[in-house]
Structures are given as structure tokens and as C-alpha cells.
Amino acid sequence: MAGANAELSAWLDAAVDPLVACDANEQVCFLNRAAERLFAWKREDLQGQPVSRLFPERMRRHEGQSLVRYLLSRRDALEGRPTRVFASRRDGVEILVELTVGTSGQGDDERIVLSLRRLHEVIDTLREPLEHPRHAGAARLVETRARGEDLYRLVVENAPLGIFHYDTSPVITACNERFVTILGATKRIIVGLNLLSLRDEGMMRCVRETLAGRSADYEGDYVSVTGHKVTPVHVRFAPCYNDAGAVEGGVGIVEDVSQRRFAERERDESLALLTMLFDSAPVGLGFVDARLRYVRVNERLARINGRPAEEHLGKDPHQVLGPGGPAVEEMLRRVLETGEPVVEEEVDTKVMGVPGPRRLLAGSCYPVRAPDGRTLGVGVLVEDITQRKLAEEERERLYHEAQQAIRVRDDFLSIASHELKTPLTPLSLRLATLERRLERGESVDPTLLRHARQHLLRMTGLINDLLDASRIEAGRLALHPQATRMDSLVEHVLQAMDAQRGGHELRYQRPENAVQVFADPYRLEQVISNLVENAFKYSPDGGVIQVTLETHGELALLSVKDPGIGIPEDQQRMLFERYFRARNVSSRSYGGLGLGLYISRDIVERHGGRIWVESQVGQGSTFHVALPLLSGTSAHPPATQPDRHVH
């Protein structure tokens, strides 16, 4: 029998609700652990005491009966619903409870059982108040406290957060409907749940902290015990104290953070995407605050600025960019003050004084504003357009070269047609004259034949120049070098051209000794002829053409000087290009295809020599040809010659 009583006591102690049992004389026989906690009585101290000690004196009797007998008489009317009454703790503190009274047995074997629950632990029970107290003061007290409890119930039940209470067990003793909704269970299951049975280390730590008198926060995924619903929650745990200041349990305020988690996940994904776009952008991106301090830059901007990204943070442009900083700061400050963006402003780092190779940059600055309109700083976008600009310049250069080539081609075709027709017309006339005289049997004037032959030779020379230029472009101009007396070759060429000098005076300054080179005599003769013919062409009648051949170290130096029209400084470098004619030369006044100097340069350079010019407009020109002597080695022209004219 004793074993059965012990087992029954264990079962009753495990109950969540406070239970008190008394005999037919209303003497306490038993109270469980929950009742001990509620009334702050020890079981052995209360056993044998009147049960009325658990209630204030004013409420111990009702309508001539004890409170217990009165409630037993009302059992049928209440239909098992609890009644709100004030109970009294051992320390005299009154607490509002819901009381249900039951009985079993009869006579001396009668046992009365009182089931209690503290009112703030029960939100959804029916209200069945006691009949009116005996005096008005007590009535006002009960009414005032009842209104307070109603307000408490209204606030808790309509709170947007889940609320639950637990005792020191720690067992959940009460909760609101929002808490039930969040957990996805029923209140019948939740109330009475031991929090430590959840086996969540984080939650158990928070409960222990609370029962030790300290607040704690928990955030995690709650898994429903019955429905296996997973709910992300944030719980704020706080201790509850009795009137004596001792911790009697705790309260938890629960927030369903599913939407917050979803928003945070979307935010994190958006931030990750923005970070990826920011860091991998093909242009430099950065942000400076209202004090013009760098807050963030990507790697591209860091490379453009020539400093690691981390060295930008907290510094102003002057500290990062050095001499180029003030100009950048001025632009950023202008955007902050006016609120107007600066779009694609091009800067040259060389002009800004930035050290290192020259770079061309396009910078844009935009004001960055908060939702309330405040300017937070300036967004910076910088693009290195050096290659693009160089490509544009190259395209522009190629375009101008193409336009120039087209112009040169058109000029050449015009000049070539004119130059080829010029000898054909008199040649045709002279041949017609010869034909008529021969038909009449008249004698033929040798002068006519000589003139016809000269025109034929001129046309042949033009055609040969065209063929030579074509061979040079194709790399097929053949040379047959041999030991050649250059002094004799110059003298021979001048004698052959004596008939072409017209009113010019030709002076030749011979070297003291023989000058021997290793060259193709035919091609070298072609060079000398071109230079002397140009001197005749561009010099006024009566002018002196001075030809000089001398040696300088291991070089033979030929110079042809004329008193002609001269060549502009800026065009002397292009003088040896194909089809080039100086701008002060009229194609109608001065014949030729513009190929003689181009062919001469190729011939001279392929012999290991150099050709250049010295000239001033209106004061004539001097062309120089330097070739290595046969006995010497390849060398450069004399150092006294101006390098800017050497080709």
C-alpha cells in the first residue's frame, strides 16, 4: 500500500497544475510540488492545517459556508468551469487564481481536491466570479483587480508577438494565441511542456540564464514536436520575480523572423550581386563621403590610381593621387555643392602632373543621396581610355594617310598623264615632219631626229622610274655591285648631261685622288643624274650648280648644291617618300613624277650609304650622298651633318 501511495505522490508531483487534497474536515492531507511553489509552503508544514489558510480571511466563508463547501455546492451550475478567487501565499501576498474543487468518497472517507492555476498563467478560461463580497471595500478591490486582469488578458492576447511563461521547472505554464500560431501546435500541448525537453543547447542556456536572474536572447529554428514545422524565431528571455524579489520563473517574447530571414536573404543576395558587379566592373568605381574621404573602391580604380584598394580607405584624393589630387577634389566638391553630376570629363595625367606614363582618363561623378534627400557623398566612375584614344588617334592618322594617299594618287595620275603626254606631242609632230620630207624626197634635218630621240628618252625615263618604283615596293630591284671609280662616274654623268643644263653653269670640284666604291655603276649613275637633273629643274636660269666629290674618313661624300626655290623645313623629311612633291612646287611649272628621290634613297641605302638634304626656302638646297669607300668599312655620315634630315 505504501508503494502505491508513493507512486501516486510521484504522479501528482509531476503534474503542472497545483493540487491540494484535504479530508472531510477540510484539513490538508497532501499538496504537490506545483502547489508548494505557488503557495511557498513546504508539504510537511501545511499537512494537518486547515485548507482555509490558503485563502484570505475575508474569503474563507461564503453565504454561511466555507469557501470549499460553497464551491462544491456550485459544481453543477459551474459545469466544471474554474472560479476566480484570491489565494494567499505563506508570505501574505495575495494572488488571483482559478480554482476548481472536486470530491470523492463520503463521510469520514471523503477527500476534497483543489486544482488551482494562477490567473496570469491562464488567458482563455471562462470567468465565473464569486458572489458579491460582504462589504463594499472588498467589492471594489475585487472589481479593480478584475478589471486589471481583464486589461492584462486583452494586451497579452492581442500582442503581435508570442508570449509564454514558465516556472523554475522549467515548464511552460501559460501562453497566448500568437505563440501557439508561431509554434504550430495547440495550447493544450504547449502548456505543460518542459523547455529542457526541446534539447536545444542555445535555448537551454537562455532558460538557465533567466532562472539565474539574467536576460538572454535566442535565435534559431524551432522544430515543432508534433507537426515538425520549422519556424525561424527570435526569443527574448527575461526572469520573473515574486514579491520577495526571488526568481519564480521566466517569460519569453517570441518573434517569428521568417519574413525577416527572407528579407535578409534577399538583401544578402542583392548585396553579393552588387559586390560582384562592383568588384568585377570593367571600369573604376568608388565612393567618397561628404568629407571627400574614400569609403570604398574596386580593384580597377585602385589599379588606375596606382595604389592598393585598402590604402584608399579614409584618405582624400590628395593623399592618394598626389599632384593630381587637387583637381579631383575640386570636381568632387563641385558635385557636392551643386548636386549636379559631372559626366565623362576627360583628363590627361601628364597635364595633371601625375607621375608615370601618360594616361587618358574619363571621369564621371554623381551625388549619392539618402531616401530623405541628404547627400551622403559622391559616386566616382573612372575609365582608362588611353588605348581607346590611341586607337582613335591611330584611326584618324590612318584616315588622313588614306586621304593623303588618295590625293597623292590623284595628283600622281594627273602628273603622270601630263608628263607622259608632254614628250608624245612634239615627238608625234617631229615624226610627222620627217615622214612628209621623206615622201617628198627632201633631205632630213639631223636636229629633228635628235629632238625626237630626246623626247623618246624622256618618256623612257618616266616609264623606267615607274618600273623601278614598282620593283622597290616588291623588293625586286636588282643590284650588280662592282669596284667602281666614283670620281670618273660623276664626271661621265656631268658630261652626258651638259646638253640639258640650258642657261645653268655647272661646276664640278674633283677630288685630289681617285675615289673607289663597291657599287652598281648603272644605279649609282641613276642617283647622280636624278640629283643633277633636280638642280637644273628647280634653279633659275643662269644659276650655278655646284657638284663636289670628296672623302671623309672611310666615306665618299657627293654633294649637289643649287640656288633654287628651296624646300620647307617641315617637308624635308617627306622629300624621299614616293610621289611626294613639296607644297611650293607646281606640277605644271616643274615636271616629274615625284619618284626620283624615292628611287635614289633606296639605291643609296642598299649600298650601305645615306642620303639627306640641307635647304632653306628661297636659298636653294644641297643634297648629300655618303657611300663607304671600297677599302673601308660601312660607316655613318659625318657627325657635322644635321641628323634630322638624314634618311
Side-chain angles (χ1 to χ4, degrees), residues 260 262-400:
R260 193 185 79 188
F262 179 76
E264 288 175 350
R265 186 165 57 250
E266 284 194 329
R267 180 201 64 194
D268 293 342
E269 290 174 356
S270 298
L271 287 176
L273 178 60
L274 288 174
T275 299
M276 184 272 291
L277 293 175
F278 185 87
D279 292 337
S280 61
V283 295
L285 297 175
F287 173 72
V288 296
D289 60 19
R291 297 184 303 146
L292 302 184
R293 306 284 179 174
Y294 283 103
V295 176
R296 186 173 183 183
V297 298
N298 67 356
E299 287 299 325
R300 179 59 65 92
L301 182 58
R303 287 197 298 271
I304 290 174
N305 291 344
R307 300 280 292 274
E310 58 272 13
E311 292 187 13
H312 287 67
L313 305 183
K315 298 180 180 178
D316 57 39
H318 181 73
Q319 293 172 303
V320 174
L321 302 177
V328 175
E329 287 185 6
E330 181 183 351
M331 182 169 61
L332 296 174
R333 191 171 288 106
R334 187 166 74 247
V335 174
L336 282 175
E337 292 173 353
T338 65
E340 297 295 326
V342 174
V343 181
E344 292 189 356
E345 184 165 315
E346 295 185 5
V347 295
D348 188 328
T349 57
K350 193 175 187 65
V351 175
M352 292 173 61
V354 177
R358 178 193 180 212
R359 290 176 300 161
L360 301 173
L361 306 175
S364 299
C365 300
Y366 303 89
V368 178
R369 296 185 175 90
D372 60 3
R374 290 179 298 109
T375 300
L376 302 176
V378 181
V380 179
L381 186 152
V382 180
E383 183 180 4
D384 189 335
I385 59 173
T386 305
Q387 295 302 319
R388 189 179 77 192
K389 282 293 184 181
L390 291 178
E392 290 177 358
E393 291 175 1
E394 180 66 12
R395 285 196 298 270
E396 188 71 15
R397 184 185 66 81
L398 292 175
Y399 173 77
H400 285 302

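Bear in mind the structure is a predicted one, so any value in this text is a computation, not a measurement.
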Decide yes or no on side-chain contact (heavy atoms from CB on, under 4.5 Å) for Glu394 and Leu390, but give the supporting numbers first. CA-CA 6 Å; Glu394 180 66 12; Leu390 291 178; over 6 Å; no
What residue pairs, at least two apart or across chains, pass ring pair (Phe, Tyr, Trp, His ring centres under 6.0 Å) with a residue in residues 311-351? Tyr294-His312
Those residues that, when tested against Gln319, pass side-chain hydrogen bond (donor to acceptor under 3.5 Å, both in side chains) (two or more places apart): Arg293
Can you tell whether the side chains of Glu264 and Arg260 come within less than 4.0 Å, N to carboxylate O? yes
Would you please name every residue forming a side-chain hydrogen bond (donor to acceptor under 3.5 Å, both in side chains) with Arg265, sequence neighbours left out? none
Are side-chain heavy atoms of Val380 and Leu332 found at a separation under 4.5 Å? yes
Sorted by chain and number, sequence neighbours left out, side-chain hydrogen bond (donor to acceptor under 3.5 Å, both in side chains) with Lys389 holds for Glu346
Arg307 side chain to Val320 main-chain N or O, any donor-acceptor pair under 3.5 Å? yes
Test your reading of the model: is there a side-chain donor-acceptor pair from Arg334 to the backbone of Glu340, 3.5 Å cut-off? no
side-chain contact (heavy atoms from CB on, under 4.5 Å), that's the test. Do Thr375 and Leu336 meet it? Break it down for me. CA-CA 7 Å; Thr375 300; Leu336 282 175; 3.7 Å; yes
So, for Ala302 and Pro308, which heavy atoms are closest and what is the spacing to 0.1 Å? CB-C, 4.1 Å
Not counting sequence neighbours, which residues clear salt bridge (Lys or Arg N to Asp or Glu O under 4.0 Å) with Asp348? List them please. Arg358
Taking atom CZ of Arg374 as the centre, does the number of heavy atoms from other residues, nucleotides or ligands within less than 6.0 Å exceed 12? no
Which heavy atom of Asn298 sits nearest a heavy atom of Leu301, and at what distance? OD1-N, 3.0 Å
Between Pro323 and Pro326, what is the shortest heavy-atom contact and its length? O-CD, 3.4 Å
Under-4.0 Å salt bridge between Arg388 and Glu393: no
For Thr386, which residues count as a side-chain hydrogen bond (donor to acceptor under 3.5 Å, both in side chains) partner, sequence neighbours excluded? Asp384
4.5 Å side-chain heavy-atom contact, Val342 and Ser364: no
Using modelled atom types only, decide if a donor and an acceptor are shared between the side chain of Asp289 and the backbone of Gly314 within a distance under 3.5 Å. no
Around atom CD of Glu330, are there more than 12 heavy atoms from other residues, nucleotides or ligands closer than 6.0 Å? no
If you take all heavy atoms of Arg333 and Leu292, which pair is closest and at what distance? NH2-CD1, 3.3 Å
Testing the basics here: between Arg300 and Ala281, what is the closest heavy-atom pair and its distance to 0.1 Å? CB-O, 4.1 Å
Do Leu361 and Ile304 pass the side-chain contact (heavy atoms from CB on, under 4.5 Å) test, and can you show the C-alpha distance, the side-chain angles, and the key distance before you say yes or no? CA-CA 9 Å; Leu361 306 175; Ile304 290 174; 4.0 Å; yes
CA sep, side-chain torsions, deciding dist, call: Phe287, Val368, side-chain contact (heavy atoms from CB on, under 4.5 Å): CA-CA 9 Å; Phe287 173 72; Val368 178; 3.8 Å; yes
Side chains of Leu321 and Asn305: does their closest heavy-atom pair fall under 4.5 Å? yes
For Glu310, does the CD atom sit with more than 12 other heavy atoms under 6.0 Å from it, leaving out its own atoms? yes
I need the minimum non-hydrogen distance between Pro367 and Gly339, along with the two atoms involved. CG-O, 3.4 Å
